[in-house]
Amino acid sequence: MLPKPELYPDWVIAQEAEKNMKTIFQLADEAGIERDELIPYGHYITKVDYKKIYSRIKNNSDGKYIVVTAITPTPFGEGKSTTTIGVIQGLGKRCKKVSCAIRQPSAGPLMNIKGTAAGGGLSQCIPRTEFSLGFTGDINAVMNAHNLAMVALTSRMFHEANYSDEVLNKKGLKRLDIDPNRVEMGWVMDFCAQALREIVIGLGGPKNGIPMKSRFDIATSSELMAILSLANNLQELRERIGKIVVAHSKSNNPVTTEDLEVAGAMTALMFHTINPNLIQTIEGQPVFVHAAPFANIAIGQSSIIADRIGLKLSEYHVTEAGFGSDIGFEKFWNIKCRNSGLKPDAAIIVATLRALKYHGAVEGASKIIPGNPIPKEYFEKNIDWIEKGMKNLFHHINIVKKAGINPVVCINKFHSDTHDELEFVRKTCELAGIPVAISEHWAKGGQGALELADAVINACQNESGFEFLYDTNLPHISRIELVARQIYGADAVEFSSTALDKLKNINSDSEFSGFSICIAKTHLSLSDNPALRGVPEGWQLFIRDILIFKGAKLIVPVAGEINLMPGTASTPNFRKIDIDLNTGKVTGI
């Protein structure tokens with residue numbers, strides 16, 4: 001018997017569950033994966049050789065494809081990963097062959113406020129500690145490959161500044177004439193470090209390089225992570241890495257990783273990352289872990305490769321998209337599905353009563369401070385706040401419906417929720433013709449997710465009318481305006497002069513016509529202002545810059561004050577994490 005979630009922290013429950021884990025060989029055998037398709041990392045973690053397994057199962061019929069998204073996130077967290085794991089546990093209880101694909105947690109939020117992405121309560125993936133702390137090294141590989149590109153760039157600039165063309169030619173180098181004011185990339189690290197958002201490098205004299213401004217972003221926002229998420233195979237990974245634009249020359253020519261002759265080494269560093277990782281839920285269902293979070297500043301999707309394998313092995317495969325439907329689901333819909341050709345059968349929209357109260361709270365409600373205890377009024381019965389917050393839920397329902405996908409609302413139930421409030425949400429959804437399930441997977445595991453599992457099964461029986469929001473023949477500025485109006489609910493879009501100049505150049509180059517829009521925007525509001533809750537009205541989206549990820553084939557408009565390097569709060573999780581010196585177990589995650 002596992003400890004009760006309302007009495008014990010998640011890491012205690014996980015460590016107890018890990019005493020009865022299936023070995024990777026048992027897990028793989030039950031999932032339909034053969035031993036020679038495994039690349040083991042110990043007894044309970046393995047990578048899956050994507051090429052071997054897919055060549056064997058590629059002719060299998062695809063199972064049902066379900067994506068998990070949510071209403072606009074709050075500082076509380078709505079339990080999207082918990083629900084992803086919970087629903088496959090529930091489907092497992094219904095004797096369905098299942099799998100899910102989730103994203104590897106970044107050390108940034110793990111050591112900051114959000115914590116791990118392992119799920120919670122009785123709906124977690126295990127082994128939790130290893131999953132949370134570096135796992136099989138995929139994020140580290142992305143980080144090293146990204147920083148190697150910056151090493152190649154800065155060293156090349158140094159040598160070009162110190163050698164004549166004749167000497168460069170003898171060394172087999174062509175002068176790239178890189179403009180230090182047109183460096184497109186920065187460095188990355190997998191922590192939230194606001195002190196590194198703007199830096200100066202090359203100080204200390206001529207031997208240390210050329211002094212210039214630079215920056216650090218969080219590792220998971222790297223273009224390389226987007227490429228990993230979207231690549232269909234190793235060949236495509238290599239090709240896309242070679243097209244990454246690191247800087248521009250003084251004559252305005254792009255300088256790519258291929259020009260720097262570093263793309264091959266970057267791919268070598270990332271070679272093992274192409275293979276999805278495999279672990280298990282507390283109840284023993286297979287969980288593929290591949291790619292990384294941050295749909296607000298990156299693509300934030302589990303990988304196409306993991307989904308392809310899961311769909312060929314399972315009757316029901318559930319994948320996770322980051323944050324709310326305006327952010328992660330929109331990118332799943334218009335970027336990931338466009339790259340994969342896969343069409344989802346249903347979408348689960350996760351909500352909680354306290355999140356609905358947050359979006360319906362009246363002026364004067366207690367201020368929410370990330371890392372601090374949740375104010376007591378969010379645990380008290382308040383139908384009025386919930387009714388107002390339902391506007392946000394229905395906005396997200398309509399986003400999913402615009403994609404032609406069958407929505408299922410999941411109310412992720414907490415033990416403090418009241419019956420009257422839950423029934424109010426249920427009846428409001430049902431009156432609108434929206435399937436809704438009140439799920440207790442956090443407290444009861446798969447047994448508590450049976451209602452949700454049944455709702456998903458029913459939704460998948462209805463044919464999906466999936467279609468993209470925009471055609472790739474549409475100019476990029478029009479695509480941005482379409483997403484802003486149709487998805488976020490903006491009245492209009494305002495562009496900075498810098499953004500307009502870049503869009504003009506993009507529009508004049510046919511190479512960019514097939515690139516998708518991947519807007520970087522706060523996840524805490526439908527607008528670009530994180531303070532605006534619910535469904536803001538009478539506002540304009542402000543696009544201050546445009547980034548071009550040529551390898552990932554993404555045009556990235558940067559909205560509002562969003563930053564590619566989050567900051568660490570005053571009450572970070574690392575203050576609670578330690579090692580039990582008697583058992584060697586990590587505590588506090």
Participant: CD of Gln540: more than 12 outside heavy atoms within 6.0 angstrom?
Facilitator: yes

Participant: Can we say Lys550 and Glu511 salt-bridge, meaning some charged N sits less than 4.0 Å from an Asp/Glu carboxylate O?
Facilitator: yes

Participant: CG of Leu469 to CG of Leu474: how many Å apart, nearest 0.5 Å?
Facilitator: 9.0 Å

Participant: Rounded to the nearest 0.5 Å, what separation is found between the CG atom of Asp190 and the CG atom of Asp217?
Facilitator: 12.5 Å

Participant: Would you call the rings of Tyr358 and Tyr378 parallel, tilted or perpendicular, taking 30° and 60° as the class edges?
Facilitator: tilted

Participant: The test is side chain to side chain contact (heavy atoms under 4.5 Å, CB included); show your working for His248 and Glu184 and say whether it passes.
Facilitator: CA-CA 8 Å; His248 282 82; Glu184 306 298 337; 3.0 Å; yes

Participant: Is the count of non-hydrogen atoms from other residues, nucleotides or ligands lying under 6.0 Å from Glu377 atom CD greater than 12?
Facilitator: yes

Participant: Look at the side chain of Asn296 and the backbone N and O of Lys521, then say whether any donor-acceptor pair between them is shorter than 3.5 Å.
Facilitator: no

Participant: Between atom SG of Cys518 and atom CZ of Phe549, what is the distance when rounded to the nearest 0.5 Å?
Facilitator: 8.0 Å

Participant: State whether the side chain of His396 and the backbone N or O of Thr72 hold a donor-acceptor pair below 3.5 Å, judged by distance alone.
Facilitator: yes

Participant: Parallel, tilted or perpendicular: which one describes the rings of Phe329 and Trp333, with boundaries at 30° and 60°?
Facilitator: tilted

Participant: Looking at Thr257 and Ile241, would you say the former's side chain and the latter's main chain have a donor-acceptor pair under 3.5 Å?
Facilitator: yes

Participant: Counting neighbours of NZ on Lys47 that are heavy atoms of other residues, nucleotides or ligands and sit closer than 6.0 Å, is the number greater than 12?
Facilitator: yes

Participant: Any side-chain heavy atom of Asn412 within less than 4.5 Å of one from Lys80?
Facilitator: no

Participant: Quick one: are Ile349 and Ser325 in side-chain contact, heavy atoms under 4.5 Å?
Facilitator: no

Participant: Is there side-chain contact between Tyr50 and Arg308, with heavy atoms separated by less than 4.5 Å?
Facilitator: no

Participant: Starting from the C-alpha separation in whole Å, work towards a yes-or-no answer on side chain to side chain donor-acceptor pair (under 3.5 Å) for His476 and Asn507.
Facilitator: CA-CA 7 Å; His476 287 88; Asn507 196 51; 5.3 Å; no

